[in-house]
Amino acid sequence: MPRINFDLQQLQAFVAVADRSGFRAAAEDLHLSPAALSRRVDRLEQLLGARLFERTTRDVRLTRVGESFLSRARLALDDLEAAVLGVHEIAARHAGRISIACVPTVATARMPQLIEGFSRRLPQVRVRLMDGGMDEVAAAVRTGEADLGLGFSGVTDPALNFEPLLEERYVLAVRRDHPLARKRSPSLAMFAGERWVAVARTSGNRRLIDAGLGSDQRPPPAWLEVGHVSALLAMVEAGLGIGLVPELALHPRHTTLKGLRLTDVPLTRRMGALTLAGATPSPLAQRFLAHLRSAWREIPQAAKAADAASG
DNA sequence: GGGGCGTGTGCTCTTTATAG
DNA sequence: CTATAAAGAGCACACGCCCC
């Protein structure tokens, strides 16, 4: 086995370049000259015997090797930082760091309040939020890059535990000025002739919709396909059509859009927490989970209240 | 083709580690 | 403590790429 003899600075240099996608910006962060940084990364690459970045003068991107090394490097740095913070009385002051991966819907609709509440109790804790598709969330938890994941059920990875916390309806996003927006019991049939917008087939949301609905319950083919729910909502807002979205994605008090619960499309998804199977979550992750459980217990009531107010 | 921006490298000075 | 070697950093500049 080759003797591994690289140092922390090289690791930090590598992570900084990856984060900033370039040497110049990373060098500024590290208070180094670009030349010095270039040499550090170079030395690291020599020690590893592999190129970590493909670089031209315009473009710096991770190689495959670099990509897999990045998550390990982060872990190592985080571990070390945690150890150092530990010396500085982690337990006493609840200092530390938590990384949470979550799907974009949750990131925008719920994370601000969740983090606010969590941080009020543990102000010393630094939080890193990674939002991405369901696959990315699962991967982040699996590799340990995230202490905890928030997403929906349906991931069949034996390495992951899924704790369901909340059942969420899919609703039809329409503009408030849509002629049918005030119907008492809206159904899919009423909207059959509309222009439909959908998220791409690769999206976890889309897979859930396609798998969860029978052929007679499925909305008509979409004329417009977008990558993410946020884009779908923007399209609906612009009057380009209507589409199914998870209820969380649509704030009950949204000024221009409204979510209609279709009586004949009883589609739901289960939101919950992803953790690594067979491993005890870090103390901070456990605190966040506890916070999550109590915060999300209130959401069904809130949704009902919103229904009563708008219905 | 020239200017701007960014990475790579040769050279040199400084700092750090090691042996005596 | 001193002499020496090795490593690290910065300057200046070469080179490549993009945009006008």
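Any value given below was found using the heavy atoms of this structure, including those in side chains, with hydrogens, waters and symmetry copies removed. Note that the coordinates shown come from a computational prediction; the quantities given were computed from them, not determined experimentally. Chain identifiers are assigned alphabetically (A, B, ...) following the order of the sequence lines, protein sequences preceding nucleic acid strands; residue numbering begins at 1 within each chain.
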Side chain to side chain donor-acceptor pair (under 3.5 Å) partners for [X], two or more places apart:
X	answer
A:Arg64	none
A:Glu54	none
A:Glu67	none

What is the distance, to the nearest angstrom, from the [atom1] atom on [X] to the [atom2] atom on [N]?
X	N	atom1	atom2	value
A:Leu37	B:dG6	CG	P	14 Å
A:Glu45	B:dT7	CD	P	13 Å
A:Asp42	B:dG6	CG	P	20 Å
A:Phe23	B:dC5	CZ	C1'	15 Å
A:Arg40	C:dA9	CZ	P	4 Å
A:Leu52	B:dT7	CG	P	16 Å
A:Glu54	B:dG8	CD	P	11 Å

Q. Quick one: is B:dT7 close enough that its OP1 or OP2 comes under 4.0 Å of any side-chain N or O from A:Ser38?
A.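 False: A:Ser38 side-chain N/O out of range (4.0 Å or more) of B:dT7 OP1/OP2.
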Close N/O contacts between protein and nucleotides 10-13 of chain B (under 3.5 Å):
from	atom 1	to	atom 2	distance (Å)
B:dG10	N7	A:Arg39	NH2	2.8
B:dG10	O6	A:Arg39	NH1	3.3
B:dG10	O6	A:Arg39	NH2	3.3

Q) With sequence neighbours left out, which residue pairs that include part of residues 164-187 of chain A fulfil the ring pair (Phe, Tyr, Trp, His ring centres under 6.0 Å) condition? A) A:His178-A:Phe191
Q) What class does the angle between the rings of A:Phe23 and A:Phe53 fall in, given that below 30° is parallel, 30 to 60° is tilted and above 60° is perpendicular? A)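 It falls in the perpendicular class, over 60°.
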Q.
Going by ring-ring contact (aromatic ring centres under 6.0 Å, His included), name the residues that satisfy it together with A:Phe162, two or more places apart in sequence or in a different chain.
A. none
